[in-house]
**Q** 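Provided herewith is a single structure, encoded as structure tokens, for subsequent inquiry.
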Amino acid sequence: MSAASKITVDGDGSLSVPDHVTIPSVEGDGVGPDIWKASRAVFDAAVKKIYGGKRAVNWLETFAGEKAFKETGQWLPDATIESIRDYRVAIKGPLGTPIGGGIRSLNVAMRQFLDLYACVRPVRYYEGVPSPLRHPERVNMIIYRENTEDVYAGIEVRADSEEARELAQFIERRLGKSLVHGSAIGIKPMSKFASKRLMKMAMQHALQMKCPNVTIMHKGNIMKFTEGGFREWAYEEAQESFAGKFITEEELTKTGKSPSDFPGELIVKDRIADNMFQQIQTRPAEYSVIATTNLNGDYLSDALAAMVGGLGLAPGGNIGAGIALFEATHGTAPKYAGQDKVNPCSLVLSGKMMFDYLGWQEVGTAIDKAVEKTLADRIVTYDLAREMEGAKEVSCSAFGQELIKRL
Ligand code: NAP
């Protein structure tokens, strides 16, 4: 067996993945160790089953959160960031938010330090899973959420502070708007650069996977320059980089025809955020790829996850230029820590995304099918068992073993 080694990026931006690849892993806090143990067993079994030893993953344990703090006195050691940057693809469990620490959120900090500018969340329905929708099988979307700016930039000043007073004075003097005395103020920066690169990634995915449409979700009717800017820049990127490869909904409407008259054509449209929230519930089949801003994407991801089985099933990846960090999208669920109880699917399916990203799609597909079969056999963890009559409830690790049996 050759030595495990590093991923490199070729001139055209594609990844070169060695057959014996090293991948940093962060088990995370709270329920993190439980779901990581179950997931890792599934990943190793899937890779072995598909490649029979020709390919393998060497997991490199990397520290962040409580474990890092105990070992190094730092919640997010520089060595962790460097390791992910160096090895390019990593996977992590959930991390708690340090109380009173200098870091607002470890997750947000990792995304910003590594410039993981797109948060990618696929949402699909697995047969048998309880859902509040009448036709959950119509949900098959992937959200591309801008991951580095918007209100997450962390530019906020406390009510009654000197900074808030100065900012309020500036706003009054330059913009002629007065704020209620003593207001806290938050800043929402959004750039053409970040909006365009996010849209580019969403469009590339849509074209590569032959998705029927890309929807730009924004709140530009109210926030004209920020959210409205996002909408304008997203369309601009589509025209500049993908001309001739799509049609806008506006153009389509002018023809008087319907999307079914343009088979195989990618349609680009936009929706105001509030409308989008009702559309995903009433007409989910009409949405495929969604490109959106940071805060909108945060809300939308969890709303969509809830429609098809909840956070325990929702995978995610934070992706930049030739670098990616896949993660369970839920938090540390501290009340279940160490109980071997919670659903590992969020991390297992984030692993599926990771293998697809590496170009090891056979592994990703095998994992996805195993999840499909296990849920269809009504073998589930507590979260789904409480909503499913006649289901067999198993522990986190036992669920992982059931997945392995079905690979
Ligand atoms: P949470 O940890 O996501 O848990 C909220 C609830 O979601 C749980 O009580 C549980 O519901 C359900 N849940 C979460 N994970 C599940 C799983 N794997 N299987 C089944 N059910 C699951 O949210 P939180 O309690 O608000 O946050 C706790 C900590 O996590 C905070 O420090 C927060 O900052 C952090 N956090 C981290 C991330 C991340 O690392 N990406 C994301 C979000 C939050 P029931 O009680 O109904 O069983």
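Hydrogens, waters and symmetry mates are skipped; everything else that's a heavy atom, side chains included, is used. Note that ligands are numbered from 1 as they come in the structure, with each ligand's atoms numbered from 1 the same way.
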**Q** For Y382 and Y336, take the angle between the two ring planes, folded into 0 to 90°, and tell me which bin it lands in: parallel under 30, tilted 30 to 60, perpendicular over 60.
**A** tilted
**Q** May I have the step-by-step check of ring-ring contact (aromatic ring centres under 6.0 Å, His included) for W360 and Y51, ending in yes or no?
**A** CA-CA 10 Å; W360 296 11; Y51 300 128; 5.5 Å; yes
**Q** Among L106, L347, I35, V26, which one satisfies side chain to side chain contact (heavy atoms under 4.5 Å, CB included) with P94?
**A** I35
**Q** Heavy atoms only: which of L384, D29, T97, V31 is nearest to atom 34 (O) of ligand 1?
**A**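 Among L384, D29, T97, V31, the closest heavy atom to atom 34 (O) of ligand 1 comes from T97.
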**Q** May I ask you to decide if the ring planes of W36 and W59 are parallel, tilted or perpendicular, using 30° and 60° as cut-offs?
**A** perpendicular
**Q** Counting both backbone and side chain atoms, is some N or O of A333 under 3.5 Å from an N or O of ligand 1?
**A**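 The answer is yes, given that A333 and ligand 1 share an N or O pair closer than 3.5 Å.
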**Q** Report yes or no: does a heavy atom of T329 sit under 4.0 Å from some atom of ligand 1?
**A**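 T329: in contact with ligand 1 (<4.0 Å).
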**Q** Is it possible for you to check whether R111 lies under 6.0 Å from the centre of the six-membered ring of Y117, through NZ or CZ, and within 45° of that ring's axis?
**A** no
**Q** Check whether any heavy atom of G310 sits under 4.0 Å from an atom of ligand 1.
**A**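 The answer is no: ligand 1 sits nowhere under 4.0 Å from a heavy atom of G310.
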**Q** Determine whether the side chain, the backbone, both or neither of A328 has a heavy atom under 4.0 Å from any heavy atom of ligand 1.
**A** backbone
**Q** So, 4.0 Å and heavy atoms of R386: is ligand 1 close enough to count as a contact?
**A**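 R386 counts as a contact of ligand 1 under the 4.0 Å cut-off.
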**Q** Taking the non-hydrogen atoms of K92, is any one of them nearer than 4.0 angstrom to ligand 1?
**A**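 It does; at least one heavy atom falls under 4.0 Å.
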**Q** For atom 39 (C) of ligand 1, state which one of T381, V108, N107 supplies the nearest heavy atom.
**A** N107
**Q** Is the NZ or CZ atom of R145 positioned over Y152's six-membered ring, under 6.0 angstrom from the centre and within 45° of the axis?
**A** yes
**Q** Within the structure, is a non-hydrogen atom of T332 found at a distance of less than 4.0 Å from ligand 1?
**A** yes
**Q** State which residue, out of E236, E232, E149, fulfils the salt bridge (charged side-chain N to carboxylate O under 4.0 Å, His left out) condition with K192.
**A**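 The single option meeting the salt bridge (charged side-chain N to carboxylate O under 4.0 Å, His left out) with K192 is E236.
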**Q** With a cutoff of 4.0 Å, is L95 in contact with ligand 1, counting heavy atoms of the residue only?
**A** yes
**Q** Kindly confirm or rule out an N or O of L311 lying under 3.5 angstrom from an N or O of ligand 1.
**A** no
**Q** Hey, are the side chains of H205 and C211 touching, using non-hydrogen atoms and a 4.5 Å cut-off?
**A** yes
